Amino acid sequence: MNIQEKARARASWLPSDQPPPGPRYKSLADQIASAIACGELKAGERLPPQRLLADALEVTVGTITRAYKEAERRGLVEAKVGSGTRVKGKSSDEPKFHHLSRATADSVDLSLSIPIPSPLRERQFSAIMSRLSERPEALHNALEYQSEQGSLEQREQLATWLRGQAINVDPSELLLSIGGQHADFLVLQALVRPGEAVASDALTYPGMIACARQLGLKHLPVSMDREGMRPDALERLCQRQRVRLLYLMPEHNNPTAAQMSEQRRREIVEIARRYDLLILEDGVQFVTRELRGTPFFELAPERAFYIFSVSKILSGGLRFGCLRAPAALIPQLAASLRAQFWSSPGVVGALACEWLASGDADSLISWQNRELSARHALLEKLFDGYDFHAHPCGFHAWLHLPEPWRASDFVEQARLRGVTLVSPEPFCVGSQPAPQAVRICITPPASIEALETGLTRLRELLAEGPRSAAPLV
Ligand SMILES: Cc1ncc(COP(=O)(O)O)c(C=O)c1O
């Protein structure tokens with residue numbers, strides 16, 4: 001072993017990939033920032049001693065000193081005499097999502113449907129911001145008030161990118177939104193009256209359940225199988241009750257990962273036409289064009305909506321998405337959007353559209369897809385023999401627990417072993433009992449090794465079976 005190899009073996013943390021261009025000390029400070037942002041470096045953690053890192057990276061100690069000083073100047077780390085340089089900030093057990101995550105410093109979070117953490121993402125975004133700041137006209141436009149539908153230029157950029165993904169929308173039929181959740185809410189709020197009913201898969205995205213509740217709508221569950229909603233069950237429901245809108249995730253149901261065949265999409269459209277239902281297709285869980293079926297708006301343009309968001313491919317914090325709507329309904333939606341927010345923010349739209357149009361987004365998506373393939377392969381290997389369902393582009397798998405496991409016990413036992421999962425209840429429409437199954441998200445861990453740790457703990461738990469912890473009296 002030479003001196004570099006020895007140093008690499010001993011360093012507690014090393015920048016994970018090629019340094020970004022620019023002065024080495026600055027790029028190293030950027031890499032420290034990215035590692036903190038994606039959880040690789042945790043609050044309180046000590047950075048490697050300067051001499052060791054210098055040897056490992058084959059740079060001078062002076063470069064490392066400058067990099068640590070730069071990180072300190074940015075408020076990322078603090079240096080204390082005698083105890084080295086440590087990551088500053090809030091303790092890492094602070095939940096990322098107050099309503100969902102209960103991850104702690106030692107636990108592996110498999111509960112959230114979020115993009116795989118990547119320093120590449122932060123680097124790309126930083127470059128996009130610089131590029132935008134160098135284009136005075138684009139900046140000027142972004143800083144103006146926008147129309148309710150959003151700027152035409154941004155809608156055109158977005159439609160061009162979406163068409164490249166085989167989502168053939170016209171800019172005139174798009175409304176820009178503050179992410180997918182906003183678009184879901186907007187459609188329900190503008191087009192379904194309190195007391196009217198929406199129907200969805202019996203297991204569906206909790207955000208839709210929340211929208212229906214907030215708006216005082218009836219939310220009716222429809223039975224599912226491995227392709228998602230069953231047409232016979234939908235037909236029976238429509239014979240009994242007036243349903244105004246059908247909410248679907250045909251490419252990739254959250255949480256069951258079900259994908260709908262072309263034949264089934266056509267059967268659903270036929271029922272929607274017969275009973276005059278609106279169809280809201282939520283495409284936020286992103287699927288690449290090769291694996292995607294025909295969107296509902298191509299089968300029934302007069303009644304189908306499509307929601308796209310950048311949350312699963314670029315960033316959930318950017319809060320940017322769009323809604324494709326039938327032309328006749330756009331004025332009603334635009335009026336509602338105007339009353340709520342005036343329009344989606346021009347600056348956010350400019351950044352998101354620039355990111356998509358620049359080609360950077362495509363390389364980030366390709367990177368994420370490659371990483372997802374490796375993570376799915378790991379899942380297949382570790383859960384071989386268990387009853388689970390996953391989609392190759394999906395952020396999660398749906399695991400049916402073997403007898404006699406109950407989902408609530410499994411989630412609790414997993415927590416005790418340091419793995420955070422969500423229970424199935426939030427996905428259940430109405431008061432139906434929750435299935436003995438759990439959603440396992442494979443994207444939150446920063447590394448595949450951390451994912452392996454979490455999945456291995458779950459597999460061990462499955463193999464051991466539940467312990468009888470219940471009191472007998
Ligand atoms: C099906 C579905 N729709 C909408 C959303 C929310 O998307 P956004 O972050 O763009 O509001 C999510 C987030 O997980 C989702 O899974």
Side-chain angles (χ1 to χ4, degrees), residues 96-101 109-116 121 150 158 162 167 174-189 198 200-214 219 224 228-229 245-260 279-287 292 295-296 305-324 337 340-341 344-345 348-349 351-353 355-356 361 365 368 372 390-391 393-398 421-422 424 426-429 439-444:
K96 285 188 187 144
F97 285 81
H98 69 279
H99 59 300
L100 284 179
S101 178
D109 186 348
L110 304 183
S111 73
L112 299 173
S113 175
I114 53 174
I116 298 174
R121 174 172 87 146
L158 185 55
L162 287 170
I167 300 169
L174 294 184
L175 288 112
L176 301 187
S177 69
I178 306 173
Q181 178 70 27
H182 171 217
D184 277 328
F185 188 84
L186 181 68
V187 175
L188 262 55
Q189 190 263 333
V198 298
S200 73
D201 294 322
L203 292 166
T204 197
Y205 166 55
M208 175 48 57
I209 298 177
C211 287
R213 282 195 190 150
Q214 283 290 325
H219 191 167
M224 313 165 68
M229 185 173 285
L245 179 141
L246 198 54
Y247 172 74
L248 292 164
M249 289 167 274
E251 295 308 338
H252 182 215
N253 168 287
N254 181 6
T256 67
Q259 187 174 29
M260 209 178 253
I279 301 173
L280 176 55
E281 173 171 352
D282 185 328
V284 170
Q285 295 282 338
F286 189 76
V287 169
R292 195 171 323 107
F296 275 96
F305 301 80
Y306 184 86
I307 291 175
F308 163 78
S309 142
V310 299
S311 292
K312 308 296 167 183
I313 48 178
L314 301 180
S315 148
L318 203 50
R319 311 308 304 140
F320 181 75
C322 73
L323 171 69
R324 180 273 167 197
L337 197 145
Q340 291 173 33
F341 301 110
S344 100
V348 167
L351 289 166
C353 290
W355 204 342
L356 294 171
I365 294 169
Q368 178 160 274
L372 275 173
H391 184 289
C393 290
F395 285 9
H396 60 264
W398 184 242
L421 295 172
V422 268
F427 302 100
C428 295
V429 177
R439 185 184 78 166
I440 300 175
C441 290
I442 59 173
T443 51

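The structure displayed is predicted, hence computed values, not measured ones. Both ligands and their constituent atoms are indexed starting at 1 by order of listing.
For E251 (side chain) and Q285 (main-chain N/O), no donor-acceptor pair under 3.5 Å exists by modelled atom type. In this structure a side-chain-to-backbone donor-acceptor pair under 3.5 Å is present from N253 to L203.
Residues meeting the salt bridge (charged side-chain N to carboxylate O under 4.0 Å, His left out) test with R324, sequence neighbours left out: E173. Applying the side chain to side chain donor-acceptor pair (under 3.5 Å) rule to S311 yields the partners S309; only residues at least two apart in sequence or on another chain are considered. Taking the ring-ring contact (aromatic ring centres under 6.0 Å, His included) definition, one finds that H252 meets it with H391, H396, sequence neighbours left out.
Contacts of ligand 1 (protein heavy-atom distance under 4.0 Å) are G179, G180, Q181, D184, Y205, Y247, M249, N254, D282, V284, Q285, S309, S311, K312, R319.
Figure legend: R439 and F395 shown without cation-pi pairing, the cationic atom not lying both under 6.0 angstrom from the six-membered ring centre and within 45 degrees of its axis.
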